[in-house]
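Sequence positions, counted from 1, serve as the residue numbers for this chain.
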Amino acid sequence: MARYYEELTPSLKFPDRVSIYRVTGSINRTWTMRVRKAKGGYITRSLKTSNKAEAILKADDFFMHFSVNEQKGVFFTDARFMDQFSRWLNSGELSEQRHKRIKSVYSRYFAAFYKNIPIDQITDQLHASYLRWRVAYWTEYEKGNLDSLYLDPTYTPKYEGAIYHRSKTPSITTLKGETQILKQFLYWTKSKRLLGIVPRLKMQRAYSEVAKHQAKDSRRRAKSLPRKGPVSNLAITRKLRALMEEPETNWIRKFGRARLYYFIKICQWSLIRPTMEATMLRWGDIQYIKSKEHGLTLALIRVTHPKTGKPWTPDDGRWAVMPYGAVRYLVEWHQLSRSYGEQFGKPTDYVFPNWKGEHCEAHIMGRLFRDKLLLWNKHRLSDGRVITLYSMARHTAIRDRIVNSKWTIQQVAQAAGTSIFQISNFYAEDFIEAYPEVWADTWIHSNPKLKPEQKKFIEDGVAEIRNYYTDVEVPEDDDGGDWTVSSDA
């Protein structure tokens with residue numbers, strides 16, 4: 001033992017349990033601690049310092065933390081982040097969708113930042129540093145300065161080629177989601193008696209700091225497409241239809257184009273999210289029912305993989321309704337897909353499969369959609385916002401349902417499989433534009449009434465304003481205000 005230990009020094013506070021030493025012949029001359037467990041055995045760990053006084057303080061701090069966990073029955077195994085995170089991912093305790101999301105965050109970000117540090121060293125301060133690092137990640141990636149972000153210069157990113165599904169500056173919602181993943185992992189380690197106390201990870205101050213680096217949040221109003229115009233729902237739909245009907249000798253490419261067109265149309269009309277809600281649909285999930293009132297056929301679609309993640313049950317499951325006239329898209333796509341082979345169209349087959357008849361992820365169709373919009377120069381709205389598959393198939397559909405159906409907020413929320421809060425929060429302006437009379441009518445018990453002279457005064461005054469706006473010259477430095485009065489007002 002004497003040949004191995006050099007300068008063996010007991011702790012002044014805990015001489016019976018803690019000591020430090022140097023390894024004989026070591027080159028860097030750093031100190032190592034040795035802690036005796038209550039039930040026998042030792043823990044050794046490098047203190048990564050050559051200063052003796054600092055080494056004693058580090059050893060004492062470690063022992064105080066270790067002894068608290070020891071009294072609580074927490075196992076000390078020198079648990080490390082990457083080792084335990086991989087173990088958690090392989091534990092089988094996560095749903096398929098959750099596992100895929102967490103694995104992506106871990107592989108791209110967590111493993112790069114936290115590496116294999118001891119899990120008991122993860123603190124609020126360290127995670128606040130992670131959030132700042134995360135905000136700078138893609139900016140530095142594009143500059144080619146990604147290596148400067150890593151705490152460990154030996155770590156090499158594992159991603160090559162094109163990368164999809166990322167925003168240059170992550171939103172606060174994204175950062176909160178990643179924080180929640182970390183908390184979920186730490187609570188799992190605690191349940192395995194690997195960690196005594198889970199840090200609170202209250203990041204409000206860090207989020208406020210991060211928000212300074214973000215552009216103005218334009219998501220407050222959903223990114224729905226205009227109805228008409230060169231870059232509109234109608235214009236893009238016509239381009240997609242024409243693309244589907246173009247002559248093409250490669251049947252796989254032709255199949256993919258048709259699948260994209262019908263994927264968007266069916267999602268738009270049924271208000272199913274263009275995510276796993278749609279990609280996991282099978283033909284057997286669709287029921288066709290003849291209306292007793294109108295004698296027309298509608299379609300009921302069982303959403304087996306809703307956003308909530310809850311399994312579908314007869315008592316607590318979401319049904320999406322395909323309106324009468326839109327059932328033809330289901331019929332057309334069923335007939336067309338069957339013409340491509342026996343792997344399509346059966347009740348157990350996916351509605352939107354890949355060319356082999358297997359499950360096809362939404363981002364495959366999203367990438368084709370994005371590439372075509374770039375080719376057609378229709379990828380941005382007039383305000384600069386990027387058009388995505390989600391904005392086309394989801395936000396625009398909800399907006400159109402609000403404007404055209406005269407449904408209440410509750411009806412729209414139920415049909416879209418979301419909450420009244422979300423609909424009122426993101427589509428409030430669409431409701432006001434569609435039903436301005438609702439906000440103008442303040443008579444709850446009867447129809448609005450005006451005295452004849454009041455009605456005449458208003459009508460004459462509006463007519464005068466219209467005439468004035470027709471004759472007036474707008475100043476050149478005008479800020480673009482609305483100089484028209486709608487006849488529907």
Side-chain angles (χ1 to χ4, degrees), residues 11-14 16-20 32-49 54-94 98-99 101-103 105-106 109-134 151-152 172 175-210:
S11 166
L12 295 176
K13 290 183 179 180
F14 316 104
D16 297 334
R17 303 284 301 273
V18 182
S19 59
I20 64 171
T32 302
M33 72 173 182
R34 185 182 69 174
V35 175
R36 182 171 60 83
K37 299 179 183 179
K39 296 182 179 181
Y42 291 92
I43 298 168
T44 60
R45 176 180 289 182
S46 173
L47 297 171
K48 300 186 186 308
T49 179
E54 184 181 355
I56 286 288
L57 289 175
K58 283 187 172 183
D60 288 345
D61 287 344
F62 173 83
F63 177 74
M64 286 188 289
H65 178 70
F66 166 74
S67 61
V68 171
N69 288 339
E70 191 177 46
Q71 292 172 10
K72 293 180 178 180
V74 176
F75 299 128
F76 182 83
T77 58
D78 196 22
R80 301 276 174 161
F81 182 81
M82 293 177 70
D83 298 336
Q84 297 304 320
F85 210 102
S86 298
R87 183 184 165 202
W88 180 45
L89 287 174
N90 297 326
S91 65
E93 299 179 19
L94 300 169
R98 183 69 172 163
H99 182 277
R101 163 65 177 156
I102 291 176
K103 185 177 180 181
V105 172
Y106 167 70
Y109 306 117
F110 282 0
F113 183 85
Y114 290 109
K115 294 173 289 298
N116 217 18
I117 66 170
I119 58 174
D120 58 7
Q121 292 184 15
I122 297 176
T123 62
D124 286 8
Q125 293 78 9
L126 183 61
H127 189 60
S129 298
Y130 166 80
L131 295 177
R132 290 188 288 270
W133 173 90
R134 175 70 173 84
L151 302 180
D152 182 358
I172 296 296
L175 297 178
K176 287 182 177 179
E178 293 177 9
T179 299
Q180 189 60 36
I181 290 173
L182 181 63
K183 289 178 71 174
Q184 187 178 355
F185 161 68
L186 293 176
Y187 274 111
W188 177 84
T189 62
K190 183 179 180 181
S191 71
K192 302 300 181 183
R193 301 175 70 183
L194 300 173
L195 186 64
I197 300 174
V198 175
R200 297 180 64 194
L201 299 183
K202 296 294 184 181
M203 298 286 103
Q204 277 71 15
R205 182 176 296 179
Y207 293 143
S208 299
E209 182 179 340
V210 166

For residues [X] and [Y], report the shortest heavy-atom separation together with the two atoms involved.
| X | Y | result |
| --- | --- | --- |
| Y106 | S86 | OH-OG, 3.6 Å |
| L201 | H127 | CD2-CB, 3.8 Å |
| I122 | P199 | O-CG, 3.5 Å |
| A59 | I20 | CB-CG2, 3.9 Å |

How long is the straight-line distance from [atom2] of [Y] back to [atom1] of [X], given to the nearest 0.5 Å?
| X | Y | atom1 | atom2 | value |
| --- | --- | --- | --- | --- |
| R17 | F63 | CZ | CZ | 4.0 Å |
| D120 | I197 | CG | CD1 | 10.5 Å |
| Q84 | L186 | CD | CG | 11.0 Å |
| L131 | T179 | CG | OG1 | 5.0 Å |
| F113 | L126 | CZ | CG | 4.5 Å |

Derivation of the side-chain contact (heavy atoms from CB on, under 4.5 Å) call for K190 and F185: CA-CA 9 Å; K190 183 179 180 181; F185 161 68; over 6 Å; no
Donor + acceptor pair across side chains of E54, T49 (<3.5 Å):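 E54 vs T49: donor-acceptor pair found between side chains.
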Between Q121 and R80, is there a side-chain donor-acceptor contact under 3.5 Å, judged purely by atom types and distance?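 No, Q121 and R80 have no side-chain donor paired with an acceptor closer than 3.5 Å.
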Taking [X] for the side chain and [Y] for the main chain, is one N or O donor matched with an acceptor at less than 3.5 Å?
| X | Y | result |
| --- | --- | --- |
| R36 | D16 | yes |
| K58 | I56 | no |
| N116 | D83 | yes |
| H99 | L89 | yes |

Cation over ring face, R134 and Y109, 6.0 Å, 45°: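 That pair qualifies as a cation-pi contact.
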How about [X] and [Y]: do any of their side-chain heavy atoms sit closer than 4.5 Å?
| X | Y | value |
| --- | --- | --- |
| M82 | F110 | no |
| L195 | Y187 | no |
| I43 | R34 | no |
| F85 | I181 | yes |
| K115 | F81 | no |
| F62 | V18 | no |
| L194 | R87 | yes |
| Q184 | W188 | no |

Please determine whether side-chain contact (heavy atoms from CB on, under 4.5 Å) holds for the pair R101 and V105, giving the CA-CA distance in whole Å, both sets of side-chain angles, and the decisive distance to 0.1 Å. CA-CA 7 Å; R101 163 65 177 156; V105 172; 3.4 Å; yes
Test side-chain contact (heavy atoms from CB on, under 4.5 Å) applied to V35 and F14, step by step: CA-CA 10 Å; V35 175; F14 316 104; over 6 Å; no
Going through the checks in order, is the side-chain contact (heavy atoms from CB on, under 4.5 Å) test met by E93 and R98? CA-CA 10 Å; E93 299 179 19; R98 183 69 172 163; over 6 Å; no
